[in-house]
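So that the names make sense, note that chain A is the first sequence line, chain B the second, and so on, each numbered from 1.
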Amino acid sequence: MVRLFDTLIGREVELVTREPGKVAMYVCGPTVYDAPHLGHGRMALCWDVIRRYLTWRGYEVTYVSNVTDVEDKIIRRAAETGSTEAEVSQHWESVYFDAMDRLGIARPDQVPHATEYVDRMVRFITDLVRRGRAYVIEGENGGVYFAVDSIPDYGALVHRSVEELLESAGARVEVDERKRSPLDFTLWKAGKPGEPTWPSPWGPGRPGWHIECSVMSLDLLDDGFDLHGGGNDLVFPHHENERAQALGADRRFARHWAHSGMVTVGGEGGGEKMSKSLGNFTTLLDVLDRHDPRALRIAVLQSHYRSAMMLGPSETSAADRTLESMDAHARKARAAGVRPGAGARSPVQAEGSSGDHARADTEQPVIDAFREAMDADFNTPQAFAVIAGAISRANAAIDVGDLVAAAALVAAVEEMTGALGLVLDDGTGATASRGVPIAGRGLSISRSAVEVTEVDPAIEATIDELVADRDAARARRDFEASDAIREQLASLGVRIEDTPTGTIWFR
RNA sequence: GGCGGCGUGGCCGAGUGGUUCAGGCAAGGGUCUGCAAAACCCUCUACAGCGGUUCAAUUCCGCUCGCCGCCUCCA
């Protein structure tokens with residue numbers, strides 16, 4: 001039984017889906033006008049992990065995540081750069097997905113774009129007007145507004161009453177006096193010169209921000225879809241308004257709401273939220289150039305998805321080292337001949353119980369602990385601790401030669417890391433940024449994610465030769481020669497680990 | 001100003017009314033190794049402060065202090 005913290009209810013609840021065994025989820029995606037930053041990366045990773053875990057857990061998951069490609073900032077950007085809005089949004093969308101691919105984020109099943117849905121938004125707004133849930137303001141900066149008072153529980157998602165919301169309304173933004181309530185928000189904006197517009201019953205204009213998500217999520221996932229997610233800075237007003245619009249159309253909206261925490265930056269005593277407006281962001285691509293993308297996934301897994309997390313150089317480099325030791329485990333397992341899920345290729349296995357038996361004894365409790373942690377509101381830090389413990393025990397088992405126990409643990413580790421979208425590199429060519437198919441579904445991700453490093457056979461052969469030479473030198477105890485070869489290898493970017501079962505080299 | 005959240009050992013970060021311990025990173029010691037690397041073992045015994053409830057609180061309640069988020073576009 002999966003439990004998650006439901007923002008609307010305000011506590012952890014059991015995930016109860018519309019159809020047993022299926023999860024239809026919608027996660028608000030980016031507005032594409034600029035380079036994605038670490039915050040976008042963190043949120044995408046959080047939701048990727050949730051999606052993958054639910055899939056691993058046996059759910060058939062439909063994952064929809066939108067791209068907002070009509071918006072003030074895109075328009076401004078286009079004007080600044082002398083390009084079209086479409087050019088701006090297409091460019092930054094491709095940058096965004098490139099970064100997502102490198103992070104090993106599985107592509108959503110559907111990526112609806114606001115511009116593809118304008119007709120349907122117009123119809124939706126027309127319907128809201130007809131139902132008396134929206135009204136038109138004529139004149140300059142006019143448009144169609146949603147009447148917040150027309151639905152019963154506006155504010156439920158932020159857990160505030162309309163009265164409370166009114167108290168602080170206008171505290172930071174000027175309120176248009178023509179609105180019936182200061183809380184009313186735009187569904188349709190009348191077009192201004194030089195802006196992209198679409199025809200509508202209220203004249204040429206463009207949709208407000210919130211309406212796209214209501215329309216697209218209901219269109220693709222239908223009434224009462226299971227889970228609506230996003231960053232917790234979207235709770236109000238964006239998600240509150242999405243909900244209001246759907247309820248205003250007398251549609252059943254999301255059954256569950258969940259929100260991921262922000263990335264913070266800065267010094268002692270807690271940082272501030274990373275955001276474009278504060279100018280304190282680190283571009284995702286910069287970080288990806290400096291770190292193995294898997295390290296970022298590890299850093300994200302080591303904090304809970306709902307918590308704010310600091311993600312600066314010290315956090316990422318700590319994650320680098322964690323990753324390094326996890327990869328070292330994979331190399332060690334390979335060198336010992338332990339193959340995940342295949343038992344151990346060792347005489348130990350022949351004399352005692354079968355590999356399957358060992359797995360039943362050893363692996364299952366680990367998997368159970370992992371599932372228990374993840375079922376409790378996707379407690380990835382705890383799940384990660386289970387993985388770390390299994391790795392330790394597997395390494396120890398290899399050290400003492402208990403390859404049967406090791407095999408079961410190695411298999412468990414692969415199972416768990418796979419469920420979270422993490423692939424360990426055992427030095428055989430799984431590359432740093434290799435994409436991971438979703439557990440249990442074999443869903444392929446975009447081609448560019450599978451950056452298999454091209455290997456030059458000639459260089460590989462040279463390295464193998466050098467390693468063999470070094471082993472020979474060591475065998476005749478000519479350590480001067482062997483150390484010289486090691487340095488030669490180091491200059492090629494190749495590192496060496498001597499194990500009882502032979503020398504491993506890796507980059 | 002309103003609403004909400006958080007404060008755990010050198011750092012990051014789970015968790016719990018009472019027993020032995022989260023975990024990661026870092027540090028120190030040890031084992032193994034020609035060395036290196038890796039690994040394993042051990043050590044570093046924390047829960048902001050002040051009250052209260054309780055046989056017992058880091059865990060529940062209250063207050064104080066500090067930090068953060070939302071109330072505007074934001075992942």
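Annotation for A:Glu80: atom CD counts as buried by contact number, over 12 foreign heavy atoms lying within 6.0 Å. No more than 12 heavy atoms of other residues, nucleotides or ligands shown are found within 6.0 angstrom of CZ on A:Arg11.
If you take atom C1' in B:G7 and the same atom in B:A46, they sit 13 Å apart, rounded to whole Å. Taking atom P on both B:U58 and B:A75, the two are 42 Å apart, rounded to the nearest angstrom. Using C1' as the reference atom, B:U33 and B:A26 are 24 Å apart when rounded to the nearest Å. Straight-line distance between the C1' atoms of B:G24 and B:G13: roughly 8 Å, to the nearest whole Å. Nucleotides B:A37 and B:G18 place their P atoms 43 Å apart, quoted to the nearest Å. Here, B:U20 and B:U43 have their P atoms 14 Å apart, quoted to the whole Å.
Residues satisfying the side-chain contact (heavy atoms from CB on, under 4.5 Å) criterion with A:Thr282, sequence neighbours excluded, are A:Leu38, A:Met274, A:Val287. For A:Glu85, the salt bridge (Lys or Arg N to Asp or Glu O under 4.0 Å) test picks out no residue, with sequence neighbours left out. Evaluation of the side-chain contact (heavy atoms from CB on, under 4.5 Å) rule for A:Asp226 yields A:Thr17, A:Arg18, A:Val23, A:Ala24, A:Arg255 as partners, not counting sequence neighbours. In this structure A:Glu240 satisfies the side-chain contact (heavy atoms from CB on, under 4.5 Å) test together with A:Tyr154, A:Leu157, A:Val158, A:Phe236, A:Arg243, sequence neighbours excluded. In this structure, the side-chain contact (heavy atoms from CB on, under 4.5 Å) partners of A:Asp498, at least two apart in sequence or on a different chain, are A:Arg470, A:Arg474, A:Ile496, A:Thr503.
Distance from the side chain of A:Phe236 is smallest to B:C70 among B:G24, B:C70, B:C35. In the set B:A75, B:C35, B:G13, the nucleotide with an atom closest to the side chain of A:Arg486 is B:C35. Nearest nucleotide to the A:Lys273 side chain, out of B:C3, B:G69, B:G23: B:G69. Considering only side-chain atoms of A:Asp483, the nucleotide from B:G34, B:G69, B:A22 that sits closest is B:G34. Of all nucleotides listed (B:G23, B:G13, B:G34), B:G13 comes nearest to the side chain of A:Pro381.
The six-membered or imidazole ring of A:Tyr26 lies away from that of A:Tyr63, with a centre-to-centre distance of 6.0 Å or more.
If A:Val386 and A:Met43 are placed on RNA chain B by their nearest nucleotide, the residue sitting closer to the 5' end is A:Val386.
Under the 3.5 Å distance criterion, with hydrogens and angles disregarded, no donor-acceptor pair is assigned to the side chains of A:Asn241 and A:Gln245.
The ring pair (Phe, Tyr, Trp, His ring centres under 6.0 Å) contacts involving residues 465-507 of chain A comprise nothing, where partners must be two or more places apart or lie in separate chains.
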Run the side-chain donor-acceptor check on residues 372-379 of chain A: report pairs under 3.5 Å with partners two or more places apart or on a different chain.
| unit_1 | atom_1 | unit_2 | atom_2 | d |
| --- | --- | --- | --- | --- |
| A:Asp375 | OD1 | A:Tyr53 | OH | 2.6 |
| A:Asp375 | OD1 | A:Arg57 | NE | 2.8 |
| A:Asp375 | OD2 | A:Arg57 | NE | 3.3 |
| A:Asp375 | OD2 | A:Arg57 | NH2 | 2.6 |
| A:Asp377 | OD1 | A:Phe5 | N | 2.9 |
| A:Asp377 | OD1 | A:Tyr305 | OH | 2.7 |
| A:Asp377 | OD2 | A:His304 | NE2 | 3.4 |
| A:Asp377 | OD2 | A:Arg306 | NE | 2.8 |
| A:Asp377 | OD2 | A:Arg306 | NH2 | 3.0 |
| A:Asn379 | OD1 | A:Gln382 | N | 3.2 |

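Within 4.0 Å of A:Ser275, counting heavy atoms only, lies at least one base atom of the nucleic acid. If you check every strand for non-hydrogen atoms under 4.0 Å, A:Gly389 touches nothing. Residue A:Pro237 is classed as a sugar-phosphate contact, given heavy-atom separations below 4.0 Å to backbone atoms only. A:Val27 comes within contact range of no nucleotide atom at all, as no heavy-atom separation falls under 4.0 Å. Among the atoms of the strands shown, base atoms are found under 4.0 Å from some heavy atom of A:Ala385. The residue A:His238 sits apart from the nucleic acid: no heavy atom pair falls under 4.0 Å.
Shown for residues 226-234 of chain A: residues whose heavy atoms fall under 4.0 angstrom of RNA chain B, namely A:Gly230, A:Gly231, A:Asp233, A:Leu234. Heavy-atom distances under 4.0 Å link RNA chain B to no residue of residues 5-14 of chain A.
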Identify each atom pair where a protein N or O and an N or O of nucleotides 5-11 of chain B are less than 3.5 Å apart, giving names and distance.
none

Dump the pairs, protein N or O against N or O of nucleotides 37-42 of chain B, anything under 3.5 Å, distances to one decimal.
| unit_1 | atom_1 | unit_2 | atom_2 | d |
| --- | --- | --- | --- | --- |
| B:A37 | N1 | A:Asp498 | O | 3.4 |
| B:A39 | O3' | A:Asn395 | ND2 | 3.1 |
| B:A39 | O2' | A:Lys332 | NZ | 3.2 |
| B:A39 | O2' | A:Asp399 | OD2 | 2.6 |
| B:C40 | OP1 | A:Ser392 | OG | 3.3 |
| B:C40 | OP1 | A:Asn395 | ND2 | 3.4 |
| B:C40 | O4' | A:Asp399 | OD2 | 3.2 |

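Between the P atom of B:A14 and the CZ atom of A:Phe370 lies a distance of 17 Å, rounded to the nearest Å. If you measure from atom CZ of A:Arg306 to atom C1' of B:G13, you get 15 Å, rounded to the nearest angstrom. If you take CG of A:Asp320 and C1' of B:A26, they are 15 Å apart, rounded to a whole angstrom. Rounded to whole Å, atom P of B:G34 lies 13 Å from atom CG of A:Asp471. As rounded to whole Å, 16 Å separates atom C1' of B:G2 from atom NE2 of A:His159. Rounding to whole angstrom units, CG of residue A:Asn241 and C1' of B:C70 are separated by 14 Å. Across the protein-nucleic acid pair, A:Tyr33 atom OH and B:A75 atom C1' stand 11 Å apart, rounded to whole Å. Put simply, CD on A:Gln302 is 16 Å from P on B:A22, counting in whole angstrom units.
The shortest side-chain heavy-atom distance between A:Pro237 and A:Leu183 does not fall under the 4.5 Å cut-off.
Side chain of A:Asp69 to backbone of A:Ala114: a donor-acceptor contact under 3.5 angstrom is found. When atom types are taken as modelled, the side chain of A:His40 and the backbone of A:His37 share a donor-acceptor pair closer than 3.5 angstrom.
How far CE of A:Met43 is from CG of A:Leu234: 8.0 Å, rounded to the nearest 0.5 Å.
Relative orientation of the A:His259 and A:Trp257 rings is parallel, given thresholds of 30° and 60° on the angle between their planes. By the 30° and 60° cut-offs, the orientation of the rings of A:His210 relative to A:Phe185 is perpendicular.
Remark: RNA chain B takes part in the stems B:1-7 with B:65-71, B:10-12 with B:23-25, B:27-31 with B:39-43, B:48-52 with B:60-64, each of 3 or more antiparallel Watson-Crick or G-U pairs, criterion distances under 3.5 Å.
A donor and an acceptor atom never sit less than 3.5 Å apart when one is taken from the side chain of A:Arg160 and the other from the base of B:C71.
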